Number of protein chains: 2
Amino acid sequence: MTELLQGATRDEALAPLLAQGWTETADGNAIRKRFTFRNFNEAFGFMTRVALFAEKRDHHPDWRNVYRTVEVELSTHDAGGLTAKDIELARTMDEAAAHV
Amino acid sequence: MTELLQGATRDEALAPLLAQGWTETADGNAIRKRFTFRNFNEAFGFMTRVALFAEKRDHHPDWRNVYRTVEVELSTHDAGGLTAKDIELARTMDEAAAHV
């Protein structure tokens with residue numbers, strides 16, 4: 001779960017996320033996405049649902065909230081890059097954003 | 001409430017915040033502070049309390065959370081700088097952080 005994703009395994013895991021608007025950082029060690037909601041209530045509601053999940057998994061996002069937007073960056077610092085934990089958290093965020 | 005703070009009024013309003021670790025941005029249009037907690041539970045608990053207050057006042061922070069830290073920037077964009085709304089929100093944040 002905390003092994004760095006590499007090669008074909010990484011490509012396969014990332015493909016569906018890239019199709020959903022996630023992008024890789026220049027160094028390839030993290031993925032980013034900007035979520036936009038209708039208002040602060042929705043943006044912080046999204047963050048709250050994600051926070052509970054992140055805490056349960058003990059894997060937390062780096063995120064910035066400005067009113068109705070939430071910019072997210074995911075990476076597994078212990079591993080020095082992307083792992084399955086980031087993929088799972090990214091999917092959870094997309095799921096949560098779709099149901100706000 | 002949404003008038004720009006200027007001159008002595010501004011200095012007086014800012015002084016107690018600067019003493020609590022808030023700093024002015026270079027352009028003077030915002031104030032910043034970095035809050036550090038013991039863990040993510042405390043950091044997000046703080047954010048949740050502040051979010052409810054911000055929503056009630058319809059005045060929201062620009063903030064970034066990375067695990068147990070929360071970096072905050074406050075400004076009143078409609079007014080193009082600092083107003084009493086920012087002072088009130090900053091005080092509320094200090095109060096909330098003190099009671100986590």
Side-chain angles (χ1 to χ4, degrees), chain A residues 1-2 23 25 27 29-83 85-86 88-90 92-93 96-97 100, chain B residues 1-2 23 25 27 29-83 85-86 88-90 92-93 96-97 100:
Chain A
M1 186 76 169
T2 52
T23 57
T25 54
D27 62 12
N29 290 335
I31 51 174
R32 287 196 186 124
K33 186 170 177 176
R34 179 193 180 94
F35 294 90
T36 303
F37 301 94
R38 282 182 298 185
N39 49 46
F40 179 77
N41 180 307
E42 287 192 356
F44 201 78
F46 162 79
M47 291 180 75
T48 303
R49 294 192 67 186
V50 171
L52 295 176
F53 179 85
E55 184 68 351
K56 192 170 185 178
R57 285 288 195 271
D58 199 21
H59 186 59
H60 305 84
D62 173 341
W63 48 3
R64 179 180 174 207
N65 162 237
V66 182
Y67 193 50
R68 65 192 188 97
T69 68
V70 182
E71 287 175 6
V72 178
E73 186 170 311
L74 306 181
S75 184
T76 305
H77 299 287
D78 296 347
L82 284 179
T83 68
K85 286 186 177 181
D86 303 303
E88 185 192 35
L89 186 51
T92 300
M93 287 185 157
V100 160
Chain B
M1 187 74 168
T2 52
T23 57
T25 54
D27 62 11
N29 290 336
I31 50 173
R32 288 197 184 124
K33 186 170 178 177
R34 180 192 181 96
F35 294 91
T36 302
F37 301 93
R38 282 183 299 183
N39 50 45
F40 179 77
N41 180 307
E42 286 191 358
F44 201 79
F46 161 79
M47 291 179 76
T48 303
R49 293 193 66 185
V50 171
L52 295 176
F53 179 86
E55 184 68 351
K56 191 170 187 179
R57 285 288 194 271
D58 199 20
H59 186 59
H60 305 83
D62 173 341
W63 49 3
R64 179 181 175 206
N65 161 237
V66 182
Y67 192 51
R68 65 192 187 97
T69 68
V70 182
E71 287 175 6
V72 178
E73 186 169 311
L74 306 181
S75 184
T76 305
H77 300 288
D78 294 349
L82 283 180
T83 69
K85 286 186 177 183
D86 302 303
E88 185 193 35
L89 185 51
T92 300
M93 286 185 158
V100 161

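The model shown is predicted, which means the values in this text are computed figures rather than measured ones. The basis for the numbers below is simple: all heavy atoms, side chains too, and nothing from hydrogens, waters or symmetry mates. Numbered from 1 within each chain, the chains take letters A, B, ... in sequence-line order.
The six-membered or imidazole ring of F40(A) lies away from that of F53(B), with a centre-to-centre distance of 6.0 Å or more.
For A43(B), the side-chain contact (heavy atoms from CB on, under 4.5 Å) criterion is met by F37(B), N65(B), V70(B), not counting sequence neighbours. Every residue two or more places apart in sequence or in another chain that forms a side-chain contact (heavy atoms from CB on, under 4.5 Å) with D58(A) is listed here: H60(A).
Both the backbone and the side chain of N41(A) come within contact range of chain B, judged by heavy atoms closer than 4.5 Å.
Taking CH2 of W63(A) as the start and CE of M47(B) as the end, the distance is 7.0 Å to the nearest 0.5 Å.
Side-chain contact between T48(A) and F44(B) is present, with at least one heavy-atom pair separated by less than 4.5 Å.
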